[in-house]
Amino acid sequence: MAVDMKGKDIISIHDLSREEVNQILDTAHMLKTKDKIGDIYQPLRGKTLGMIFQKASTRTRISFEVAMWQLGGYALFLSAADLQLKRGETIADTARVLSRYLNGIMIRTYSHQEVLDLAEHSTVPVINGLTDLLHPCQVLSDLFTIQEKLGRLQGVNLAYIGDGNNVAHSLMFGGAKVGMHVTICSPPGYEPDPEITALAREDAAKSGATINLVADPAAAVKSADIIYTDVWASMGQEEEHQQRVKTFARYQVNSELLKQAKEDALVMHCLPAHRGEEITDEVADGRNSIVFDQAENRLHVQKAILALVM
Ligand code: CP
Ligand code: NVA
């Protein structure tokens, strides 16, 4: 039976039920199918999404904007630098005001607490378009891509090689919800947040998933169906970049590492990639790579999220 998600905030996959995750994936499948046959479907006619950006974006901005357009609505790009937020207006007042104009707010920012505060004071649904802590829309799309490629999610082995960052955290939450075995392989000192790990393990216990933290990339990829990586220095960590390049050198997803994995293991990256750092050209453009299918699916999955919550 369909779950009513109207008005729901999408801030963390941990807050969603498995039924809600399934509903997003099923709706995305329906919308992608319609899109491919040119069937116009516009449930959001007359509705407007505001998109607040404190950080740069290619995929998130464009896929959300196109998603709203295709669903018959309108999307407003709101650079935080040009809002009164920049001059000290509170996030709470911003939420109260934007709620009077908009039917939904998407925000990409640094502090996760800022998104929670926005949602608390907003009367319209708030969608997390990435914080320092989480990137739920990315991982909901990734679950869709994995299901599309492998025909299942339950029992899939995913090895994430790299920084225990926002994408790693959401992969743990997403994998835990749907019964995947998620291994996060990071250099010592760059493991995922212990609180996120504990919460993911609570969800994992209910779904049959497992969450493992390891340090050796060759061992991590051995039985992986999916090998996933992301940049070594995320947005906001630019000053640590040089030092991280040294620390993470052994954690590159390259042809040598792929030789340790199953021949048909699929390679994923949320993009943007720093080619030559966390992933080589050979792998990103190789036959195991599905990185651009992943990028495309942001559109279909976010259309599903918007159609369900707005
Ligand atoms: N993957 C992702 O969120 O890309 P952007 O930073 O380009 O939005
Ligand atoms: N971890 C990366 C993801 C970008 C989509 C960052 O936060 O910069």
Side-chain angles (χ1 to χ4, degrees), residues 10-13 28 49 51-68 75 77-80 105-115 127-146 158 160-174 182 184-187 190-193 196 226 228-245 247-248 251-253 267-275 277-279 284 289-303 305-306:
I10 306 292
I11 295 178
S12 165
I13 300 176
L49 176 77
M51 311 190 297
I52 303 175
F53 282 90
Q54 293 267 16
K55 289 176 172 173
S57 169
T58 295
R59 279 143 290 270
T60 304
R61 175 179 176 180
I62 297 166
S63 56
F64 266 106
E65 194 162 331
V66 171
M68 279 305 291
F77 172 74
L78 306 167
S79 162
I105 304 171
M106 193 277 287
I107 178 166
R108 163 169 289 197
T109 190
Y110 294 89
S111 147
H112 192 71
Q113 188 59 45
E114 197 170 296
V115 179
I127 300 171
N128 176 0
L130 179 147
T131 63
D132 289 346
L133 194 70
L134 297 173
H135 197 359
C137 295
Q138 177 66 53
V139 169
L140 287 165
S141 305
D142 295 339
L143 295 179
F144 179 80
T145 305
I146 295 168
L158 182 145
Y160 171 95
I161 312 295
D163 188 24
N165 63 14
N166 43 13
V167 171
H169 289 157
S170 284
L171 282 169
M172 290 160 69
F173 277 162
V182 179
I184 306 287
C185 176
S186 324
Y190 294 89
E191 295 91 351
D193 180 311
I196 301 280
I226 306 284
Y228 199 120
T229 190
D230 184 18
V231 290
W232 292 336
S234 286
M235 290 181 276
Q237 298 173 330
E238 287 75 11
E239 283 177 10
E240 296 174 36
H241 181 245
Q242 281 316 315
Q243 169 250 313
R244 281 172 174 258
V245 167
T247 309
F248 282 82
Y251 292 79
Q252 185 182 64
V253 176
V267 174
M268 299 180 76
H269 191 312
C270 57
L271 304 178
H274 284 190
R275 288 165 175 257
E277 291 184 11
E278 76 279 358
I279 193 165
S289 170
I290 55 168
V291 302
F292 298 110
D293 296 329
Q294 245 184 293
E296 175 186 333
N297 284 333
R298 293 290 301 277
L299 172 65
H300 307 298
V301 172
Q302 288 160 194
K303 278 171 77 175
I305 291 170
L306 293 166

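Each residue takes its place number in the sequence, starting with 1. Values below: every heavy atom of this structure, side chains too, minus hydrogens, waters and symmetry copies. Counting starts at 1 for both ligands and their atoms, in listed order.
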With hydrogens left out, which residues have an atom under 4.0 Å from ligand 1, given that only heavy atoms count? Ser57, Thr58, Arg59, Thr60, Arg108, His135, Gln138, Cys270, Leu271, Arg298
Can you check whether Asp230 has an N/O within less than 3.5 Å of an N/O in ligand 2? yes
Which of the atoms in ligand 2, numbered in the order shown and given with their element, are less than 4.0 Å from a heavy-atom of Leu271? 5 (C)
Got a sec, which residues hit side-chain hydrogen bond (donor to acceptor under 3.5 Å, both in side chains) with Thr60, two or more places apart in sequence or on another chain? Arg108, Arg298
Quick one: do the Gln302 and Ser63 side chains pair a donor with an acceptor below 3.5 Å? yes
Backbone, side chain, both or neither: what part of Asn166 comes under 4.0 angstrom of ligand 2, heavy atoms only? side chain
What is the nearest protein non-hydrogen atom to atom 4 (C) of ligand 2, stated with its residue, atom name and distance? Leu130 CD1, 3.9 Å
Would you kindly specify which portion of Asp132 sits under 4.0 Å from ligand 2, judged on non-hydrogen atoms: side chain, backbone, both or neither? neither
CG on Leu133 to CD1 on Ile11, rounded to 0.5 Å: 11.5 Å
Of all the heavy atoms in Asp163, does at least one lie under 4.0 Å from an atom in ligand 2? no
Is Glu238 atom CD crowded by more than 12 heavy atoms from other residues, nucleotides or ligands, each under 6.0 Å away? yes
Taking only residues two or more places apart in sequence or in another chain, which ones pass side-chain hydrogen bond (donor to acceptor under 3.5 Å, both in side chains) with Glu191? none
Quick check: does Arg108 get an N/O under 3.5 Å from an N/O on ligand 2? no
Give me the nearest non-hydrogen protein atom to atom 8 (O) of ligand 2 as residue plus atom name, then the distance to 0.1 Å. Met235 N, 2.8 Å
Tell me whether the centres of the aromatic rings in Phe248 and Tyr190 are closer together than 6.0 Å. yes
Ring geometry between His241 and His274 (parallel below 30°, tilted from 30 to 60°, perpendicular above 60°): perpendicular
Please check: side-chain N/O of Thr131 versus main-chain N/O of His112, any donor-acceptor pairing under 3.5 Å? no
Distance from Asn166 atom CG to Tyr110 atom OH, nearest 0.5 Å? 12.0 Å
Quick check: Cys270 and ligand 2, any N/O pair under 3.5 Å apart? no
Salt bridge (charged side-chain N to carboxylate O under 4.0 Å, His left out) partners for Asp293, two or more places apart: Lys149
